[in-house]
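Computed from a prediction, not measured in an experiment: that's the story for all the values here. Order of listing sets the numbers, starting from 1, for every ligand and every atom in it.
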Amino acid sequence: MVKVLIAGSGGREHALGWKLSQSTSVTDVIYAPGNGGTAGGKCRNVDIDCTKPANFPTLADLVEKESIDQVIVGPEGPLSEGIVDFFNARGYNRIFGPTKAASALEADKFFSHYLVRECGVPQATSLPCESLESTLRAIHQLSTNKGIVLKARGLTGGKGVTVCDTQEHALAELSNHHSAYGPHILVAERLFGPEFSVFGISDGNKVVPFSMAFQDHKRQLDGDKGPNTGGMGAYGPVPFVDAAMVHHIADTMMTPVIRKMKEMGHEYKGFLYAGMMLTEQGPKVIEFNVRFGDPECQPAMTMLKSNLHQHINDALDGKLRAQDFEYHPGASCCVVLAAPGYPDSKLIQKGKKITGIETANGMSRVRVFHAGTKKLADGNIVTNGGRVLGVTTWSPTSIDEAQALAYEACAKISFEGGVQYRKDIAYQAVKQ
Ligand code: AMP
Ligand code: GLY
């Protein structure tokens with residue numbers, strides 16, 4: 001009997017729990033707090049919001065009482081608040097995710113920039129600035145005729161990056177950036193090229209990557225227009241990044257960073273997410289995140305054939321083996337169904353009835369992962385956030401088929417008051 005607990009409530013967490021529940025040895029998947037779609041079968045929700053450090057003791061009590069074998073932390077917030085340190089201090093070591101100090105790889109862009117540079121890993125030339133004066137100097141120093149990038153130092157939920165076309169644009173944006181995110185700014189050279197993500201599992205000594213790359217769609221509207229969001233859809237594999245390039249990135253850009261962290265006394269066990277850009281000089285790191293991507297996790301879990309529970313156990317034991325990872329053939333596509341108004345949180349209405357999930361889930365090779373949903377006492381599912389569902393498909397043959405199937409399934413689902421979604425997820429990969 002093996003019990004696992006997933007901390008978090010989004011589509012990423014639903015996908016992780018779904019994949020873990022496929023393992024015959026796993027008998028219970030407990031979500032804290034989960035969402036309207038995560039309970040059922042082997043899976044159940046407990047009403048503990050793990051994003052609040054004040055709830056870490058309650059969660060640790062539950063883990064002890066239920067004799068939970070493995071805890072997986074989904075979002076970066078609790079990791080950078082020290083959830084892993086808290087559990088470790090209570091003598092519990094089967095929690096998967098980096099410690100607070102190691103989470104600085106995502107939570108502190110100055111630290112991350114320093115570490116990546118120390119390891120000789122390709123990234124944008126950047127200058128950490130702690131005052132308005134030094135930021136102005138850095139903008140003058142690093143601006144080219146192709147622009148410049150301003151990045152907030154801390155966690156900003158994906159919003160703290162301003163990509164500027166010109167030096168004048170950067171200077172004009174500076175005071176907004178400053179008042180929104182404070183004086184600590186990483187000024188970075190602007191890079192160009194297609195973006196993709198590589199996901200790996202670190203066992204403290206090395207990173208074993210998922211052998212394929214994924215692409216997110218961060219903008220709200222078709223054709224990559226509109227404001228940035230948490231992600232409106234994702235697919236994989238990315239056709240222009242082959243397995244050899246993914247392994248090259250893991251071996252020469254991810255593992256060295258993990259080794260360096262170990263030397264510094266910050267052993268890193270957990271998922272590692274490398275946001276990459278394929279520049280004319282080759283792949284460069286844009287950022288590291290200390291978690292799985294959301295929604296990239298949904299297609300990644302769909303493509304993974306081997307046993308995630310075993311991989312995580314091996315990582316916790318420091319003996320992960322690349323040869324144990326297996327994948328399904330073909331491709332996976334995830335389309336996010338969002339509430340009208342998203343990403344403007346003031347415009348999102350909660351409590352709108354959702355219909356058609358069962359019909360979509362009844363289709364072959366379709367799985368609807370829940371994110372911002374809630375199940376009412378009468379069994380109805382209602383909206384409970386901005387990104388509501390991730391309609392995820394698998395095709396054993398092609399991304400074209402996975403995409404077509406996803407849109408067929410999306411058409412079966414409606415929200416009272418309307419639904420919004422992009423109609424072009426995976427356009428980069430689908431044959432024109
Ligand atoms: P980050 O939060 O660092 O991933 O940045 C968010 C987004 O900003 C990335 O996905 C890129 O689209 C863009 N970005 C960040 N850094 C750079 C850079 N140095 N050059 C061009 N675009 C960038
Ligand atoms: N999909 C982007 C992220 O998880 O940050």
Residue, atom and distance of the protein heavy atom nearest atom 13 (C) of ligand 1 read Val163 CG2, 3.8 Å
May I ask you to list the atoms of ligand 2 that are less than 4.0 angstrom from any heavy atom of Tyr273? 1 (N), 2 (C), 3 (C), 4 (O), 5 (O)
Can you tell me which residue and heavy atom of the protein come closest to atom 9 (C) of ligand 1, and the distance to 0.1 Å? Glu195 OE1, 3.4 Å
Please state which protein non-hydrogen atom is closest to atom 19 (N) of ligand 1 and give its distance, to 0.1 Å? Glu189 O, 2.9 Å
Students should be able to answer this: which protein heavy-atom is nearest to atom 2 (O) of ligand 1, and at what distance? Glu287 OE1, 3.1 Å
Compare every heavy atom of Met303 with every heavy atom of Pro237, then report the nearest pair and how far apart it is. CD-CE, 4.5 Å
Lys151 heavy atoms within 4.0 Å reach ligand 1 at atoms 3 (O), 15 (C), 16 (N)
Any N or O of Asn289 closer than 3.5 Å to N or O of ligand 2: no
The side chain to side chain contact (heavy atoms under 4.5 Å, CB included) partner of Lys151 among Val163, Leu186, Thr162, Ile185 is Leu186
Compute the minimum heavy-atom distance from Gly293 to ligand 2 and say whether it is under 4.0 Å. yes
If you apply the rule ring-ring contact (aromatic ring centres under 6.0 Å, His included), what do you find for Phe87 with Phe56, and how did you get there? CA-CA 8 Å; Phe87 274 74; Phe56 294 169; 7.5 Å; no
Enumerate the atoms of ligand 2 whose separation from the nearest heavy atom of Glu296 is less than 4.0 angstrom. 1 (N), 2 (C)
Does a side-chain heavy-atom distance below 4.5 Å link Arg365 with Glu401? yes
Numbering as shown, the atoms of ligand 1 that approach Lys218 to under 4.0 Å (heavy-atom distance): 10 (O)
Do me a favour and list the nearest non-hydrogen protein atom to atom 5 (O) of ligand 2 with residue, atom name and distance? Arg291 NH2, 2.9 Å
Under 6.0 Å from the ring centre and within 45 degrees of the ring axis: does the NZ or CZ of Lys423 meet both conditions for the six-membered ring of Tyr421? yes
Keeping the roles fixed (side chain from Asp294, backbone from Arg12), state whether a donor-acceptor pair exists under 3.5 Å. yes
Structural part of Arg12 in contact with ligand 2, heavy atom criterion under 4.0 angstrom: neither
Should Lys225 and Asp222 count as an ion pair when the cut-off is N to O under 4.0 Å? no
Which of the ligand 1 atoms, numbered from 1, are nearer than 4.0 Å to a heavy atom of Ala124: 19 (N)
Taking atom 22 (N) of ligand 1 as the reference point, the nearest protein heavy atom with its distance: Met277 CE, 3.9 Å
Measure the distance from atom 20 (N) of ligand 1 to every protein heavy atom, then report the residue, atom name and distance (to 0.1 Å) of the closest one. Leu191 N, 2.8 Å
Any heavy atom of Gln123 closer to ligand 1 than 4.0 angstrom? no
Which atoms of ligand 2 have any heavy atom of Gly230 under 4.0 Å away? 1 (N), 2 (C)
Check ion pair Lys52-Glu81 (N to O, under 4.0 angstrom): no
Compute the shortest N/O to N/O distance between Asp216 and ligand 2 and return yes if it is under 3.5 Å, no if not. yes
Minimum-distance protein heavy atom relative to atom 7 (C) of ligand 1: Val161 CG1, 4.4 Å
For a quick test of reading the model, state the closest non-hydrogen atom pair linking Pro283 to Phe196 and the distance between them. CB-CZ, 4.4 Å
Answer with yes or no after comparing the ring centroid distance for Tyr268 and Phe288 against a 6.0 Å cut-off, counting only values under it. no
Note: Asp224-Arg422 ion pair, threshold 4.0 Å (strictly below): yes
For Phe292 and Phe271, I'd like to know if the aromatic rings sit close, meaning centre-to-centre distance below 6.0 Å. yes
